[in-house]
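A short worksheet on the structure shown next.
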Amino acid sequence: MEAPAQEQHRLSVPLVLLLATLFFTGAPSAAARGEAATPSGLHPVVLLPGFTCCQLDARLTDEYEPPPSSPGCGARRQGRGWFRLWENYTALQADPALLPCYQDQLRLVYDPAAGDYRDAPGVETRVVSFGNTRSFRFDDPAQNDACMERLVEALEGVGYREGANLFGASYDFRYAPAASGLASAAFSALRSSLTRLVERASARNGNRLAILVTHSFGGLYAAEFLSRAPLPWRRRHVKHLVMLGLGVGGSPLILQELFGSTFSLLPSPKVYGAAPLVVTRARNYSAGDIPEFLAAAGYSDDEVARYRTRALPVPLDFRAPLVPMTSVNGVGVPTVDKVVYWDGNFTEMPRVVNGDGDGIINLEGKSGNPDCNLEAVLALQRFVGDDPDQPYFKSVLIPNRTHNGLVSDELGLRSVVNEIMEANRATSF
Ligand SMILES: *[C@@H]1O[C@H](CO)[C@@H](O)[C@H](O)[C@H]1NC(C)=O
Ligand SMILES: *[C@@H]1O[C@H](CO)[C@@H](O)[C@H](O)[C@H]1NC(C)=O
Ligand SMILES: *[C@@H]1O[C@H](CO)[C@@H](O)[C@H](O)[C@H]1NC(C)=O
Ligand SMILES: *[C@@H]1O[C@H](CO)[C@@H](O)[C@H](O)[C@H]1NC(C)=O
């Protein structure tokens, strides 16, 4: 049998390093525990954490072929059942030579026959612990602060209990939602499991509507989930969407390192307009020039076409969730504004320019100014707040809060927990 032609998307070493720098950096701090006695009648909370914050298991079948550069990758794993693929910090610390194996096994391939991405041949994957928050608990201490582990503790401090009124919706972050109507098996599976989880959470809590709380790109998954769920279902089951650390319209951050599925997270022309996002000596690329940028960066015609047809419609079609919504964002911290590949060599690590123009990403917020993706955050007002059908919209901007600090440091957690409690108390909008 002939295998379908496949294009391969590898999580590269720079991506892993980049993610380690950008998403996993957050000052550890004590959780905001014990702020209130256990109140009764809480609305159940379902958490969707940020990009790379859900763990994945894999198993290798006989079909798996290790990359030629690392022929040992299948050894001791093939036919041996499930193992932790993302992320096994302990194993990678002990043996960095495993990194190319993990990268190879994490890559996605596009299957033209199915019109969808899937795991590499011989690799089967599953998200760990869907339904509860165990998937957000990593053996990597840095990741625990970047993801929702501290928020879980803070919510337990105000009366939430795992499995009773606190739930976690893990998802496979490698598969971003595709345009409505196109095959997207992973996202479809997430939609049905999340539907059932929300219904179960409500049913277990006296039919109280659920509050969805998202961090970072988890918000994109939740927003897409909601906008594709029938409106009567949303109104019957969802009390509130609390979206932390995300605007609309994607992020220039993603321009630094791409793989097929992240295309949906690229900056949207509707939000970023004509601003130069990728700078080279020869020419600049705005959000509207992303197809040209992708072609120049070596993506095939097919991949560029998939950006246009599969990914781009997602941010272009972004709509208000039409359930009450609160958005909480940190501001006042230098944030990636554009990336510079001055010599036009897109395989190099780019220089990153933040709004201040000092070219340094500093999640600790040392140099002050400018706003954290303020374009994307302000666009929320346009896309959600100004929609006449949107029942309630509140935007909270917290000065001097980093992306990860919002869900890990004491002040960030306090604000976030306050907003969740406020959503709980609201009787009607
Ligand atoms: C990580 O890998 C080590 C060594 O292969 C293994 O013993 C451990 O169980 C793995 N961790 C998880 C969470 O599976
Ligand atoms: C690219 O954009 C920068 C501003 O970020 C501007 O100074 C420069 O002139 C532009 N270059 C080209 C080739 O248009
Ligand atoms: C581009 O950058 C990569 C990585 O730094 C390097 O290996 C390669 O030689 C560069 N290509 C050109 C044409 O300079
Ligand atoms: C910003 O936050 C950092 C770390 O939380 C703190 O050390 C610093 O004093 C704060 N700066 C301002 C201007 O509030």
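First listed ligand is number 1; within each ligand, the first listed atom is number 1. Positions are given from 1, in the same order as the sequence printed here.
Residue-ligand proximity, N88 to ligand 1, at heavy-atom distances under 4.0 Å covers atoms 1 (C), 2 (O), 3 (C), 8 (C), 10 (C), 11 (N), 12 (C). When each atom of ligand 3 is checked for a heavy atom of E348 under 4.0 Å away, the hits are 2 (O), 5 (O). For ligand 3, the atoms sitting less than 4.0 Å from at least one non-hydrogen atom of T347 are 1 (C), 2 (O), 3 (C), numbered in the order shown with element in parentheses.
Cation-pi geometry between R77 and F83 is met: under 6.0 angstrom from the ring centre, within 45 degrees of the axis. Remark: R351 fails to qualify as a cation-pi partner of W342 under the 6.0 Å distance and 45° angle criteria applied to the six-membered ring.
Under the ring pair (Phe, Tyr, Trp, His ring centres under 6.0 Å) criterion, F225 pairs with W233, not counting sequence neighbours.
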Expected rows: ligand 2 N/O, protein N/O, dist below 3.5 Å:
{"unit_1": "ligand 2", "atom_1": "2 (O)", "unit_2": "N284", "atom_2": "ND2", "d": "2.2"}
{"unit_1": "ligand 2", "atom_1": "11 (N)", "unit_2": "N284", "atom_2": "ND2", "d": "3.0"}
{"unit_1": "ligand 2", "atom_1": "14 (O)", "unit_2": "N284", "atom_2": "ND2", "d": "3.4"}

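Remark: the E162 side chain and the T133 side chain contain an N/O donor-acceptor pair separated by less than 3.5 Å. Y117 and R306 are linked by a side-chain donor-acceptor pair at a separation below 3.5 angstrom, with hydrogens and angles left out of the test.
Within the model, atoms CD1 of I290 and OH of Y285 stand 11.5 Å from one another, a figure rounded to the nearest 0.5 Å.
Exactly one residue among V213, V407, V396, I420 makes a side-chain contact (heavy atoms from CB on, under 4.5 Å) with V328. That residue is V396.
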